[in-house]
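Beneath this line is the structure, given in structure tokens, with notes to follow.
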Amino acid sequence: MAHQDKEVIYGLYDDETDLLKAVKEAKDQHLEIMDVYSPFPVHGLDPILGLAESRLHIAGFVYGAIGTLTAFLGMTWIFTKDWPIIFGGKPYWSVPAFIPITFELTVLFSCVGMVITFYIVSGLGPGVTNDYLDDRITDDKFCIAFDMSEVDGAAAKSFLSDTGADVNQKII
Amino acid sequence: MNQYTFSGTAKTVTIGAMIVGVVSMLLTWFVGADDLQSRFWSNFLHNSTFFLGISMMAFFFIAVCITAYAGWASVFKRVWEAMSANMLVGFIFMLVIALTTYFHWNHLYHWADAAAVAEDPILNGKKSFLNPNWYLFGTIIIVGTWVVFGRKMRSLSLDEDEDQGHDFAKHRSMRIWSAVFLPIMGFSSAAMIWQWLMSVDAHWYSTLYAWHAAVSWFVAMICLTILLLIYLKSKGLYKEVTNEHMHDLGKFLFAFSIFWTYMWFSQFMLIWYANIGEETTYFLLRREEYPILFYANLAVNFLIPFFVLMRNDTKRKLGSLAFVSLLVFIGHWLDFFLMIKPGVKITRDDHGHMAAHGEEVVHGAAEHGIHESVASSFEVGYTIPGLLELGTMIGFLGLFFFVTLTALSKAPLIAKNDPYLDESLHHHT
Amino acid sequence: MSGHVSPIRPPLVTGNKTYHQITEDLISPTERVPSKAWILGLILSVSVFSFGAFCILWTIWNGIGTWDLNRTINWGWDITNFVWWIGIGHAGTLISAILLIFRQKWRTGVNRAAEAMTIFAVMCAGLFPLIHMGRIWLAMFIFPYPNTRGPLWVNFNSPLLWDVFAISTYFTVSLLFWYTGLVPDFASVRDRAKGLRKKIYNFLSFGWTGSAKHWQRWEYLSLILAGIATPLVLSVHTIVSFDFATSVIPGWHTTIFPPYFVAGAIFSGFAMVLTLMIITRKILGLEDYITIEHVESMNKVILVTGTIVGVAYLTELFIAWYSGYVYEQFAFFNRAAGPYWWSYFGMMFCNVLSPQLFWKKSWRRNIWLTFFMSIFINIGMWFERFVIIATTLARDYLPSSWSYYSPTWVEIGIFVGTMGLFFTLYLIFCRVAPVVAVAEIKAILKTSGNQYVGPDAQHQHPKDVKVESEPNHTSI
């Protein structure tokens with residue numbers, strides 16, 4: 001991610017109920033919120049912010065399906081074409097005995113794939129350092145941030161102080 | 001509207017269904033019957049155990065929710081209470097089976113035939129468990145206990161409506177009754193399933209059998225709950241039951257369908273893998289002679305709920321939920337069909353052989369399964385459910401709903417003093 | 001959701017905590033200088049582990065002959081320990097996944113430590129099959145990869161290979177699940193730290209900012225992973241049980257094994273969580289987060305799973321008689337009345353009878369009794385595996401080869417060594433990461449804090465947020 005300096009004005013709230021009210025208020029006033037930060041997932045925030053539903057589950061399904069096919073087709077090919085062996089008088093293509101590994105690989109592909117996808121699309125991962133606004137956000141403060149280039153600075157400032165926030169500015 | 005009145009179409013339809021059932025059963029008795037009336041009795045056993053199990057599971061789930069502090073379902077717990085009223089009906093039906101077995105008026109069980117047991121060392125060894133006395137008294141004591149617990153819980157729940165205090169004394173009392181019921185149910189349901197169902201194949205045994213059958217009951221119970229709630233909502237009742245609750249029921253249907261498949265697979269795979277003749281005969285017979293039911297069982301009870309309910313929106317739409325519930329309900333009914341009928345058929349055929357050839361009976365389930373049955377012919381009512389089976393099922397289903405709706409109309413739909421009600425009304429998945 | 005909590009729910013966070021106080025309480029243990037008790041514990045654990053490592057080297061150097069395995073008893077303490085550890089390793093994912101799906105909020109107090117414990121237990125478990133192979137330097141042969149031997153493939157039809165897949169999948173998924181849960185908490189540690197410490201935690205926190213979109217995805221991911229991990233957790237012990245149940249050995253080949261092993265695993269896992277948490281809450285002063293309610297809930301799970309295991313034992317016993325199959329009947333007679341009768345008795349007594357004490361509420365809430373019982377149960381669960389493995393193998397079809405088995409010092413040393421490894425890892429974990437999930441506790445504070453719910457609530461329910469949201473679709 002190319003780094004460009006942004007001037008950000010942000011307000012810190014003490015409680016998630018204040019945050020929710022403020023976000024709603026900002027939406028009503030058509031102030032473009034850059035982002036909202038919180039120490040834990042705040043329930044009811046996503047719909048107000050208008051965040052689209054995550055599509056991770058679709059990715060998970062696709063990865064899982066790839067896992068299923070890899071395992072099942074792989075074992076089928078190995079035990080019917082490449083190196084057939086007889087065990088316990090069963091047919092070469094012993095579907096019930098393939099189920100456990102097929103299941104495990106489905107889960108493995110799906111989970112590993114989803115986790116990697118999550119980190120990539122969120123821009124997180126080992127060695128990543130993202131600029132963050134305030135140390136207290138991971139403690140007990142709830143933050144609404146505005147990008148100064150997108151909103152009127154004065155309006156944002158008065159909005160934040162009106163809704164009871166502790167207002168700060170920072171360049172990230 | 002907090003009160004359901006049971007009248008009009010609902011009454012007509014359920015009574016109509018019961019008439020269909022009675023006619024089907026009469027037809028089974030008089031037309032196309034053999035002298036043992038095995039088709040009639042096995043249909044009776046099939047539906048009695050199936051619906052008794054469903055009503056017991058409804059009660060079991062109430063007990064589980066109370067014990068686990070699960071409050072989300074409080075708003076419609078009266079539906080489960082009403083469903084568990086059917087335990088009494090099931091008790092009476094199972095009593096009929098037990099008594100007719102006791103007096104040898106049916107020939108469902110190979111072990112009930114004293115002459116056959118005497119010359120069969122395996123059955124002789126099981127005599128102290130598989131005998132008409134134990135069958136009768138076990139049924140009376142165990143199902144009787146379930147009924148007692150069910151009625152106690154229902155009366156506590158009704159008392160709670162009158163309870164103005166805020167110490168939740170009634171709820172605390174329910175918690176004790178629930179906790180005590182759980183281990184009782186855990187032990188006793190297995191014992192009953194062995195006697196009622198597993199002993200149909202008198203030689204065969206599997207330790208997982210009882211749990212598999214119990215999960216089948218549970219899934220069918222969830223299906224009927226969903227269908228009933230959708231019906232009540234269509235009548236404008238239970239507006240408080242939102243998509244959130246339906247979503248959770250959908251999740252239960254989804255999760256327990258997978259769990260049922262797990263049970264099914266564990267039992268099947270282990271027997272298939274070890275390949276011991278005494279055990280494989282059970283599945284070999286079903287796979288070779290009942291291929292459609294055998295695979296349909298998996299398709300309907302696993303693939304359909306899995307793929308349809310995997311998405312969130314299908315769990316929230318009443319149409320898709322109703323569709324899956326109906327199919328899966330029938331699927332589990334077929335699962336029970338597949339558990340009962342092949343064994344009954346062999347028992348009946350053996351009896352015929354015995355009459356015809358005297359001593360020429362082959363002992364041991366292995367031989368039964370492979371040699372004799374493969375040669376036997378396709379037979380509606382045994383190999384596949386016929387119209388009479390369907391009619392009988394409709395009759396039992398009608399009775400089930402008749403009793404449930406009657407019980408439901410006797411009390412307010414919402415238990416207003418339930419301590420979890422507020423949570424349940426504001427439930428979000 | 002806040003404000004609609006049943007009045008009979010007990011609070012799960014006590015002490016009138018504020019968000020800041022939670023951060024302070026949960027993160028400060030990682031910032032303090034280690035206490036003497038901790039250092040002593042670490043020295044002890046590392047010493048025990050070193051002895052175990054020595055015994056492992058001894059085994060590898062001299063061969064499996066240093067164990068007392070014989071003709072019929074070819075699985076002894078090694079596989080017993082393997083199954084025992086794997087069982088313990090079930091509680092973490094169970095608490096995180098199944099309890100998350102069933103919305104049992106008390107899981108937040110213990111899930112982090114339980115998940116860590118899971119990972120460490122699986123590591124201990126994985127060790128045993130590896131050294132039991134004998135030639136550990138060829139261990140990579142268990143994975144299917146193109147090779148110059150044909151390519152000769154592994155036998156995908158073997159339950160032992162299923163184990164390889166199940167355990168490596170389980171380990172990977174548990175690790176990802178646990179670490180992803182830790183990321184926001186590492187960010188909390190980072191934001192309080194200075195200097196090198198800040199750099200380290202900055203790396204560990206993967207650049208977490210607390211953005212709403214990240215939280216949304218994070219919650220979503222946790223929920224889906226939980227959904228998938230639930231059948232995974234069942235599958236792992238199921239597949240371990242297949243190692244036995246696919247055979248034709250009387251006493252092993254029984255269809256109830258899969259769910260019965262799973263119930264036993266949950267049972268022993270919860271017991272181990274209790275053992276650890278009772279010590280941890282005391283030493284780190286976390287009584288406000290891991291309350292008596294948590295202990296009681298876990299004791300209830302122990303009672304339930306102990307009874308399920310009891311139903312399974314009796315089912316096995318009954319069906320063995322019912323089967324009319326003499327070998328099956330003998331296998332069970334031999335368990336109860338054969339040379340290893342004491343292990344069968346230990347199993348029945350510790351696993352089925354003793355948990356019944358927990359029917360009494362005051363005993364469920366008694367810390368000392370719970371601690372004692374939690375150790376007792378794990379002894380019982382060890383006996384269970386020993387009964388299944390050694391007792392069964394000691395009496396096979398051919399009476400002339402019947403034998404008896406007792407472990408050598410090497411086998412005992414390896415087992416004790418894995419405990420050393422387990423506690424070493426756990427002690428390190430307590431120092432570097434918050435033992436209780438910080439963000440998750442904050443998220444349940446308003447529905448479970450004692451100032452909001454329960455008998456001491458101050459009835460200052462958070463002002464009802466009038467922005468009743470659209471139902472959130474973040475569920476599986």
Side-chain angles (χ1 to χ4, degrees), chain A residues 15 17 20-21 24 35-49 51 53-54 56-57 60 75 78-79 82-83 85 87 90 94 97-98 100-101 103-105 107-108 110-112 114-115 118-119 121-130 132-133 135-140 143, chain C residues 1 18-20 23 150 152-153 155-159 161-162 165-166 169 172-173 176 180 183-184 187-188 190-192 202-203 206-221 224-225 228-229 231-232 235 239 242 439-440 442-443 462-463 465 467 469-470 472-474 476:
Chain A
D15 198 278
T17 42
L20 285 171
K21 264 189 237 161
K24 189 140 201 317
D35 208 342
V36 172
Y37 303 92
S38 59
F40 59 84
V42 176
H43 276 273
L45 179 64
D46 305 352
I48 312 177
L49 259 184
L51 290 183
E53 197 188 333
S54 170
L56 265 178
H57 61 285
M75 283 186 283
I78 289 165
F79 276 169
D82 193 48
W83 196 297
I85 54 169
F87 78 109
K90 308 282 192 305
S94 286
F98 294 169
I101 291 183
F103 171 79
E104 298 299 334
L105 284 195
V107 169
L108 184 71
S110 169
C111 289
V112 173
M114 261 192 306
V115 170
F118 164 73
Y119 284 120
V121 297
S122 302
L124 301 171
V128 173
T129 304
N130 289 324
Y132 50 93
L133 292 170
D135 279 348
R136 288 170 296 168
I137 288 170
T138 54
D139 180 5
D140 61 346
C143 169
Chain C
M1 204 185 317
T18 61
Y19 292 134
H20 177 69
T23 319
L152 185 60
W153 295 99
N155 183 1
F156 293 103
N157 293 321
S158 162
L161 188 78
W162 304 346
F165 278 87
T169 301
T172 314
V173 172
L176 294 175
T180 304
V183 163
S188 289
R190 170 197 70 194
D191 291 349
R192 293 160 56 90
N202 187 35
F203 180 81
F206 284 8
W208 183 262
T209 58
S211 155
K213 187 70 194 172
H214 291 175
W215 275 124
Q216 185 207 27
R217 291 202 189 105
W218 181 88
E219 263 204 305
Y220 205 76
L221 180 72
I224 304 175
L225 284 186
I228 302 176
L232 175 66
S235 81
I239 289 176
F242 286 168
E440 292 185 51
K442 287 176 188 166
K463 296 142 270 179
V465 191
V467 277
S469 53
E470 282 298 303
N472 224 335
H473 288 253
T474 50
I476 49 151

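As the structure is a computational prediction, the values presented were derived from the model and not from experiment.
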Which answer fits [X], side chain, backbone, both or neither, if we ask what part of it has an atom under 4.5 Å from a heavy atom of chain A?
{"X": "C:Pro159", "value": "neither"}
{"X": "C:Leu176", "value": "side chain"}
{"X": "C:Thr209", "value": "both"}
{"X": "C:Ile239", "value": "side chain"}

Is chain C contacted by the side chain of [X], its backbone, both, or neither, given a heavy-atom distance below 4.5 Å?
{"X": "A:Leu49", "result": "side chain"}
{"X": "A:Ser38", "result": "both"}
{"X": "A:Ile137", "result": "side chain"}

Would you find a donor on one side and an acceptor on the other, under 3.5 Å apart, between the side chain of [X] and the backbone of [Y]?
{"X": "C:Thr169", "Y": "A:Leu108", "value": "no"}
{"X": "C:His20", "Y": "A:Asp139", "value": "no"}
{"X": "C:Trp153", "Y": "A:Ile78", "value": "no"}
{"X": "C:Asn157", "Y": "A:Ala97", "value": "no"}
{"X": "C:Lys213", "Y": "A:Val36", "value": "no"}

If you define the side chain from C-beta out and look only at heavy atoms, does anything of [X] sit under 4.5 Å from [Y]?
{"X": "A:Pro100", "Y": "C:Phe165", "value": "no"}
{"X": "C:Asp191", "Y": "A:Arg136", "value": "no"}
{"X": "C:Val183", "Y": "A:Tyr119", "value": "yes"}
{"X": "A:His43", "Y": "C:Glu219", "value": "yes"}
{"X": "C:Arg190", "Y": "A:Asp135", "value": "no"}
{"X": "A:Phe40", "Y": "C:Glu440", "value": "no"}
{"X": "A:Phe118", "Y": "C:Leu221", "value": "yes"}
{"X": "A:Val42", "Y": "C:Trp215", "value": "no"}

(message) Using the rule given for side-chain contact (heavy atoms from CB on, under 4.5 Å), can you reason through C:Thr23 versus A:Thr138, listing the C-alpha separation, both sets of side-chain angles and the distance that settles it, and then say yes or no?
(response) CA-CA 9 Å; C:Thr23 319; A:Thr138 54; over 6 Å; no

(message) Before you tell me yes or no, could you show the steps for A:Tyr37 and C:His214 under side-chain contact (heavy atoms from CB on, under 4.5 Å), namely the whole-Å CA-CA distance, both residues' side-chain angles and the distance that decides it to 0.1 Å?
(response) CA-CA 9 Å; A:Tyr37 303 92; C:His214 291 175; over 6 Å; no

(request) Mind listing the closest non-hydrogen atom pair of C:Trp218 and A:Pro41 along with its distance? (result) CZ3-CG, 4.4 Å

(message) Which heavy atom of A:Pro39 sits nearest to which heavy atom of C:Ala439, and what is that distance?
(response) O-CB, 3.7 Å

(request) Go through the steps for C:Tyr19 and A:Asp15 under the test side chain to side chain donor-acceptor pair (under 3.5 Å), then give the verdict. (result) CA-CA 9 Å; C:Tyr19 292 134; A:Asp15 198 278; 5.1 Å; no

(request) Could you go through the side chain to side chain donor-acceptor pair (under 3.5 Å) check for C:Arg217 and A:Ser54 one step at a time? (result) CA-CA 6 Å; C:Arg217 291 202 189 105; A:Ser54 170; 5.0 Å; no

(request) Any chance you could lay out the side-chain contact (heavy atoms from CB on, under 4.5 Å) test for C:Ile228 and A:Met114, step after step, and finish with the verdict? (result) CA-CA 11 Å; C:Ile228 302 176; A:Met114 261 192 306; 3.7 Å; yes

(request) Quick one: list whatever passes ring pair (Phe, Tyr, Trp, His ring centres under 6.0 Å) with A:Phe103, sequence neighbours left out. (result) none

(message) Can you classify the ring geometry of A:Phe79 versus C:Phe156 as parallel (below 30°), tilted (30 to 60°) or perpendicular (above 60°)?
(response) perpendicular

(request) Name all residues meeting the side-chain hydrogen bond (donor to acceptor under 3.5 Å, both in side chains) criterion together with A:Thr129; count only those two or more places apart in sequence or in a different chain, and write none if there are none. (result) C:Asn202

(message) Out of A:Leu133, A:Ile85, A:Asp82, return the one with the most heavy atom pairs under 4.5 angstrom to chain C.
(response) A:Asp82

